Amino acid sequence: TMLEFYQAFADYEDMMTLVEEMLVTVAHAVSGGAHELPLEGGTISFRAQFARLGFLDAIQRHGGVDVGGGSDEQLRARVKKLGVPDADKMGRGKLLDELFGAFAEPKLWDPVFIVDYPRELSPLAKPKRGDPALVERFELMIAGREIANCFSELNDPIDQRERFQAQVRLREAGDEEAQTFDEDYVRALEYGMPPTGGVGIG
């Protein structure tokens, strides 16, 4: 099942509210009015307010890895210990994503919004107000799985061009998951796009 939607003049905070209301309503309807749903021998609580946890904080809390001040090489060494292939070809964002997937993701059971991802991991997201090293993005995690992905859409064509160029450099260095350059998308942004929140659920 897949649902994707965008809202003009909204951001990722607005989208968190909308997604939470949607899932709580659906869970309540399909369960006959309950807030707890059974899954894999346990239960999941669909009560508002869903928890929120920063991406970097999640790695530190669940993996004991302080990634805030660590160098790229220190992160790469941790990823190599996990047996991840091609760690030498990964940029900082991808290294952090591997650590998140190994340490934090499996431990996130009840609904939690993981927020504020590293800039280099989210080339289409708007910089976080007050901290441009991060972006305004969330992933909703339930039962160790990503259920929704969202960001405040980047609508600055100059910034977007620079982000695509950085992704191309990562791709040339061997990161096959890095974005390719999309000239048509940048040109469309040059014509104009309002502040927008975008969500994919699936």
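Note that these values count all heavy atoms, side chains included, but never hydrogens, waters or copies made by symmetry. Just so it is clear, the structure is predicted and the values come from calculations on it, not from any experiment. Starting from 1, each residue takes its place in the sequence as its number.
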Step by step, work out the salt bridge (Lys or Arg N to Asp or Glu O under 4.0 Å) result for Glu98 and Lys89. CA-CA 13 Å; Glu98 292 289 346; Lys89 298 178 181 178; over 6 Å; no
What do the steps show when you test Ile201 against Val19 for side chain to side chain contact (heavy atoms under 4.5 Å, CB included), and what is the final call? CA-CA 9 Å; Ile201 299 176; Val19 168; 4.3 Å; yes
Could you give the distance from CD (Glu146) to CD (Glu139), rounded to the nearest 0.5 Å? 3.5 Å
Quick check: closest heavy atoms across Ser122 and Tyr117, and the distance to 0.1 Å? OG-CB, 3.7 Å
What distance separates Ser152 OG from Arg129 CZ, expressed to the nearest 0.5 Å? 6.0 Å
Does some side-chain heavy atom of Arg163 sit less than 4.5 Å from a side-chain heavy atom of Val186? no
Taking side chain as C-beta onward, heavy atoms only, is Met90 less than 4.5 Å from Asp72? no
Side chain of Thr17, backbone of Met15: donor and acceptor closer than 3.5 Å? no
Evaluate the criterion salt bridge (Lys or Arg N to Asp or Glu O under 4.0 Å) for residue pair Glu190 and Arg161; output intermediate values, then yes/no. CA-CA 10 Å; Glu190 289 173 345; Arg161 181 178 294 278; 3.7 Å; yes
Ring centroid separation for Phe151 and Tyr12, is it under 6.0 angstrom? no
Once you round to the nearest 0.5 Å, how far does CG of Asp110 lie from CG of Leu108? 10.0 Å
Just do the side chain to side chain contact (heavy atoms under 4.5 Å, CB included) check on Glu136 and Leu154 with the steps written out, would you? CA-CA 9 Å; Glu136 296 188 354; Leu154 179 59; over 6 Å; no
In the single-linkage hydrophobic clustering (I, L, V, M, F, W, Y; side-chain heavy atoms under 4.5 Å), do Phe50 and Met16 co-cluster? yes
Tell me whether Asp11 contacts the main-chain N or O of Asp14 through its side chain, where contact means a donor paired with an acceptor under 3.5 Å. yes
Measuring only between side-chain heavy atoms, which start at C-beta, is Leu82 closer than 4.5 Å to Leu99? yes
The reported gap from CG in Leu170 to CD in Glu172 (rounded to nearest 0.5 angstrom) is 9.5 Å
CD on Glu20 to OG1 on Thr25, rounded to 0.5 Å: 10.0 Å
Side-chain contact, heavy-atom cut-off 4.5 Å: Arg78 with Gln74? no
Can you find a heavy atom in the side chain of Phe100 that is under 4.5 Å from one in the side chain of Ile114? yes
Do Leu53 and Phe103 belong together in a cluster built from hydrophobic side chains that touch within less than 4.5 Å? yes
Should the pair Lys80-Asp88 be classified as a salt bridge under the 4.0 Å nitrogen-to-oxygen rule? yes
Could you tell me whether the side chain of Trp109 and the main chain of Met141 form a donor-acceptor pair under 3.5 Å? no
Give me the ring orientation class for Tyr185 and Phe164: parallel if the planes are under 30° apart, tilted from 30 to 60°, perpendicular past 60°. perpendicular
Would Phe5 and Val26 show up in the same hydrophobic cluster when neighbours are defined by side-chain heavy atoms closer than 4.5 Å? yes
Hey, which of Arg52, Arg137, Lys128 is the one that makes side-chain hydrogen bond (donor to acceptor under 3.5 Å, both in side chains) with Asp116? Lys128
Rounded distance [0.5 Å steps], CD in Glu105 versus CG in Asp97: 8.0 Å
Tell me, do Pro195 and Asn155 make a side-chain contact under 4.5 Å, heavy atoms counted? yes
Under the side chain to side chain contact (heavy atoms under 4.5 Å, CB included) criterion, do Val79 and Arg76 qualify, and how do the steps go? CA-CA 5 Å; Val79 170; Arg76 187 167 286 109; 5.7 Å; no
Taking all atoms of both residues into account, what is the closest heavy-atom pair of Ala8 and Pro194, and its distance? CB-CG, 4.0 Å
Taking all heavy atoms of Pro111 and all of Ser45, pick out the closest pair and write down the distance. CD-O, 3.2 Å
For Val24 against Arg47, the heavy-atom pair lying closest together: CG2-C, 4.5 Å
How close do Gln179 and Pro123 get, counting heavy atoms only, and between which atoms? CG-CG, 3.6 Å
Please test Phe46 against His28 for side chain to side chain contact (heavy atoms under 4.5 Å, CB included), starting from the C-alpha separation and ending with a verdict. CA-CA 8 Å; Phe46 280 93; His28 195 259; over 6 Å; no
With the side chain counted from C-beta on, respond yes when Ile44 and Ile142 share a heavy-atom pair under 4.5 Å apart, and no when they do not. yes
Give a yes or no on whether Val115 and Leu134 share a hydrophobic cluster (residues Ile, Leu, Val, Met, Phe, Trp, Tyr; joining criterion: side-chain heavy atoms under 4.5 Å apart). no
All heavy atoms of Pro127 vs all of Asp159, minimum pair found to be CG-OD2, 3.7 Å
Decide yes or no for Val112 and Leu140: does some side-chain heavy atom of the first lie under 4.5 Å from some side-chain heavy atom of the second? no
Given the rule that I, L, V, M, F, W and Y join up when any side-chain heavy atoms are under 4.5 Å apart, are Leu56 and Leu95 in one cluster? yes
